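Before any comments, here is the structure.
Each residue takes its place number in the sequence, starting with 1. Note that the structure is predicted; figures quoted are calculated from it, not measured. First listed ligand is number 1; within each ligand, the first listed atom is number 1. Below, each value reflects all heavy atoms present in this structure, side chains not excepted, and no hydrogens, waters or symmetry copies.
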Amino acid sequence: MQLLDGKLVSKSVKDSLAASVENHLRGGGKTPHLAAILVGDNGASQTYVASKVKACEEVGFRSTLLQLPGDLPEAVLLHRIEAFNQDPEVDGILVQLPLPAHISEHKVIETIRVEKDVDGFHPESMGRMALGLPSFLPATPYGILLLMEHYQIQTKGRHAVVIGRSHIVGRPMSILLSRNDYPGNCSVTLCHSHTLHLPAICLQADIIIAALGQPGFLRSDMVKEGAVVVDVGITRVPDANRKAGFAIRGDVDFESVAPRCSYITPVPGGVGPMTIAALLKNTWYSCTHKKT
Ligand code: NDP
C-alpha cells in the first residue's frame, strides 16, 4: 500500500507556482489576486478560507478576504461579487460554501463572472468541463486528478465508483473520470443515498472516490484487493483528547481499508491540500490567460 500524499504533492505544486510567479513578476507581470468571500461564522468555513488565504501568500499571490455577517441580505452579497467582477485587479473570486439558508447558492455562483470562476462551479464552467472544453475545473475533483497524475495512477479502462453526487465534488468527479483523457477513460458508476447494493458495486471498483460526508462509511469488506481509494470526506467528530475538542475524520475506515489498497489518501493530508493547490492553479491560469 502506498499513500497518495496530498501534502507532499500540493507542496510541489505550490513550489512550482511560486517559481512561476517570481518569473512573471520579474518580467513585469501583474500579481495574481484571489478575492475570497466568507459569509457568517461557520468554524469549518473560517478554517478553510484561512488556509486558502495562507496558501496565496505562500506562492506570492495577493488575496483579499471579505468577511460578511451571516444575516447579510442576498442583494448586498451579489453587489459585492459584482464589484469584484468589475475589478481588473481581481483574477479569481471564491465564495465559501455553504451559505446561510436565506441566500441562494445558485444565484451567487451564477453572479461570479465565468472568467473569474476559479472554484469552477458556474454552470458555464460545468458545461464546458462536461464537453471537454477548456474551463476552470472544480477545485476538489481537479486536485484529485493532479494527485492521480503525480502518482501515475492507471485509469484507462478501469471501473471507478464515485460515492456522492454533489455539484462540487461527486458529480464533476464522475464526469472528469469518464472523459476521454488522462486521468480518465474510466467506466464510472455514480452512487448516492438511493443506490441499491452499494457494497457490491464498491467491491467491483478499481478506483473508489468516497465523497459523502459519513465518517468511516467505506469498510474493508467493500473494497477489492489492490483498489485505489480516495477519501474526500472531512467531518469534525467530537474528541475530548484534542485541544480543539474535535478530530477530522474521512469517509473511509482507514485502518481496515488501507491494507487492501494499492494506493489510498490519508485524512487529513490527502484531498484537502490538493483542493487548495487546484484553486491556486486556477487562479494562476486566470491571471495569465486574460481575455482582452
Ligand atoms: P453533500 O452533502 O453535498 O453530498 C453528499 C452526497 O453523498 C450526496 O450526493 C448524498 O446522496 C451522498 N450520500 C450521503 N449519504 C450516503 C450514503 N449513506 N450512501 C450513499 N451516498 C450517500 O457533500 P459534499 O459533496 O459537499 O461533501 C462530501 C464530503 O466531502 C464532506 O465530508 C465534505 O466536508 C467533504 N469535502 C471535502 C473537501 C476537501 O477539500 N477535502 C471539499 C469539499 C467537500 P443524495 O444526493 O442522494 O443526498
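The hydrophobic cluster containing Leu99 also contains Leu78, counting ILVMFWY residues as joined when their side-chain heavy atoms lie under 4.5 angstrom apart, directly or transitively.
Legend: residues meeting salt bridge (charged side-chain N to carboxylate O under 4.0 Å, His left out) with Arg219, ordered by chain and number and at least two apart, are Asp221. Here Asp91 pairs with Lys30, Lys290 under the side-chain hydrogen bond (donor to acceptor under 3.5 Å, both in side chains) rule; sequence neighbours left out.
Each of Arg158, Lys224, His159 was scored for a side chain to side chain donor-acceptor pair (under 3.5 Å) with Asp206, with one residue passing: Lys224.
Using a 4.0 Å heavy-atom criterion, the residues that approach ligand 1 are Thr140, Ile163, Gly164, Arg165, Ser166, Ile168, Val169, His192, Ser193, His194, Leu198, Ala211, Leu212, Gly213, Gln214, Phe217, Val232, Gly233, Ile234, Thr235, Val271, Gly272, Thr275.
If you take CZ on Arg236 and OG1 on Thr47, they are separated by 4.5 Å, rounding to the nearest 0.5 Å.
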Side chains of residues 60-77: which donor-acceptor partners sit under 3.5 Å, not counting sequence neighbours?
residue, atom, partner, partner atom, Å
Thr64, OG1, His33, NE2, 2.7
Glu74, OE1, Lys107, NZ, 3.0
Glu74, OE2, Ser104, N, 2.8

